[in-house]
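What follows is a set of notes on a single structure, which appears directly below.
Per chain, numbering begins at 1; letters A, B, ... match sequence-line order. Both backbone and side-chain heavy atoms feed into the values below; hydrogens, waters and symmetry mates do not.
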Protein chains: 2
Amino acid sequence: MIDKLEMFIALAREEHFGRAANAQGVTQPTLSAAIKQLEDQLGVMLVWRGSRYRGLTPEGQRALDWARRIVGDARSLRQEMRVARQGLSGDLRLAVIPTALTVVSDLIAGYAEAHPNVRFSVQSNTSIEVLNMLENLEIDAGLTYLDNEPLGRVTTVPIYSERYVLVAKAGHPLLGGPVRWADLADVPLCLMTPDMQNRRIINQHLAKAGVEVTPQIEASSIVVLVSQVVNSNLATILPVRAAEIFLKGDDLGSVPLIKPDASHTVGLVAPQREPFTPVLATLLDRARALSAAVSN
Amino acid sequence: MIDKLEMFIALAREEHFGRAANAQGVTQPTLSAAIKQLEDQLGVMLVWRGSRYRGLTPEGQRALDWARRIVGDARSLRQEMRVARQGLSGDLRLAVIPTALTVVSDLIAGYAEAHPNVRFSVQSNTSIEVLNMLENLEIDAGLTYLDNEPLGRVTTVPIYSERYVLVAKAGHPLLGGPVRWADLADVPLCLMTPDMQNRRIINQHLAKAGVEVTPQIEASSIVVLVSQVVNSNLATILPVRAAEIFLKGDDLGSVPLIKPDASHTVGLVAPQREPFTPVLATLLDRARALSAAVSN
DNA sequence: CCTTTCGATAGAAGACCTCTATCAAGCAGA
DNA sequence: TCTGCTTGATAGAGGTCTTCTATCGAAAGG
């Protein structure tokens, strides 16, 4: 039963019988049969049938919610028993928005040291992807914005508050002192792509300041943005925490962006399902401690 | 997997391999094997082994919590899909403390009419049993006291507030007007057995009034108590709502018990597991409506 | 009209489950 | 201490269920 629910979740995620089967490590006929049996056992159609996948029925959608719960809890059970057997161990899968990537090390540095049997995997994603993957049980927790766009049913732990700086090559004319958002008209910029919430936030501030900006370069990685800044006269806008790591040398400079002194909270998101697994509970504790340390 | 978790729950409840197997409709070797496999899959011992059942290990206790969740959610999934298929239907199992039995009809009268395919089963239990059965998934909801003893992780809907009356055969000397708890010294009484919370509440009030009472007859059913009252000079103490149904004729009389004007809240308890199944959600709605109607 | 993609179906091999029968350990009473 | 009962584990047979490979038919795209 639980296996079939796993396959059902995979099918809903992949929207394709073959790919879902592959993701589950079974053949396509096996997955087809599993879905069919699930439908027989529950007595309802879960998937619109045709010559190809055409989405979930309303009942299927509802069943998907339950399936995620059940499968998630079953995994939690297994993990908790493994922890009881051999101490804190297992995988902890994190998805993180690009501008929070540097915070990951603060979050997991001590953790990894204290619990060498816990393996971390970190991937960079948009905030929307983070939330989707959390729902789909593809990750255990995420780092993303907490207060700008709706989150859904998740547990949150705020960690720090983002503030923005303008980053440019040393000698750039705007690097003299604080820059207002309104000053950015006609400044050549490179920014994140619009699928990134960071970019949407920046757009909001620019719009509020009455400025329209067309970045010459868009990228989904801050490494790309900073590289551009180093090698051109473009400037970029980054959260302080994300920019710091690039400002160690003297080839780049930064100044605060003010008026407004924009601020957005970034923090940990995890499934709202208590009790938490030990591995996740420990991470949440670390996040809370980190949050306290940052605000002091 | 889910089948094995069901067997594990049954074993924890019955504390006996043979009985648990019987309750699950399988043979004892099948259940033994299932528990063994569960232990192998999870990699931990769940049950203390010996020549007989000796309780759960700490890991087993923890696993039991998860098992209840998973099995409960799996049942919810099945129920919700059946409701999607054929409208509100299925079983709704209620456990009720004796003094709230008359409220059941108020609660389910309209429900049963509106949804003829929902079958109700009602049993009378102590408040502790109600909570245990709720945990063990043996019932879907219960009616019990909400504010006297700790409840655990449950959803509650208050329905009405209990007030107490002294019930006695017509002509009993105390039936003239309100009676204080302190007046009950030396009054021959019959009361519920001490495993009933109702009795414990009454004991509290009597103790607070400085009175010690040794009932001549104890029973776990109010029908027994009232029958005694009808056929003897004993009086009894009952909540108004429970007494009303017996006071239609003129062979019995009742007077309020005052000083203090004791009051305890009785209401519906259900597992704290959202979303609720449709059958249970409907019951909770009815309870809230009933609560509003009563307090007007 | 032909090709490709997608999901369903058939049939065989093997894994898994559940049963009956039986055993060994512990406990109780004589 | 012996005997009989209770309790849970084990062995082995039978049957069910699952998964695989191979193949088909329908629909979409060029």
Only residue of B:Arg69, B:Arg68, B:Arg13, B:Arg273 satisfying salt bridge (Lys or Arg N to Asp or Glu O under 4.0 Å) with B:Glu135 is B:Arg68
What is the distance, to the nearest angstrom, from the [atom1] atom on [X] to the [atom2] atom on [N]?
X       : N      : atom1 : atom2 : answer
A:Trp48 : C:dG7  : CH2   : P     : 17 Å
B:Gln28 : D:dA11 : CD    : P     : 14 Å
B:Arg49 : C:dA25 : CZ    : P     : 17 Å
B:Leu31 : C:dT18 : CG    : P     : 10 Å
A:Ile35 : D:dT18 : CD1   : P     : 13 Å
B:Met1  : C:dC16 : CE    : C1'   : 16 Å
B:Tyr53 : D:dA9  : OH    : C1'   : 17 Å
A:Asp3  : C:dC16 : CG    : P     : 11 Å

Taking only side-chain nitrogens and oxygens of [X], does any of them come within less than 4.0 Å of OP1 or OP2 of [N]?
X       : N      : result
A:Arg52 : D:dA28 : no
A:Ser32 : C:dG7  : no
A:Lys36 : C:dG7  : no
B:Thr27 : C:dC19 : yes
B:His16 : D:dT6  : no

With a non-hydrogen cut-off below 4.0 angstrom, is B:Gln37 in contact with a base, only sugar-phosphate, or nothing?
-> sugar-phosphate
So what does A:Gln24 touch, heavy atoms closer than 4.0 Å: a base, only the sugar-phosphate, or nothing?
->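 Result for A:Gln24 = nothing.
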Which heavy atom of A:Leu191 sits nearest a heavy atom of A:Pro215, and at what distance?
->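 Between these two residues, the closest heavy atoms are N-CB, 4.0 Å.
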Minimum heavy-atom separation for B:Asn117 to B:Gln86, with atom names?
->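 Heavy-atom minimum between the residues: ND2-O, 4.5 Å.
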Given side chains that start at C-beta, do those of B:Tyr111 and B:Leu92 come closer than 4.5 Å, heavy atoms only?
-> yes
Does the side chain of A:Asn125 come within less than 4.5 Å of A:Met133's, by heavy atoms?
->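 They are in side-chain contact.
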Side chain of B:Pro29 (C-beta onward), nearest among C:dA10, D:dA11, C:dG7 = D:dA11
Relative to the 5' end of DNA chain D, which residue comes earlier, B:Arg19 or B:Ala33, by the nucleotide with the nearest heavy atom?
-> B:Arg19
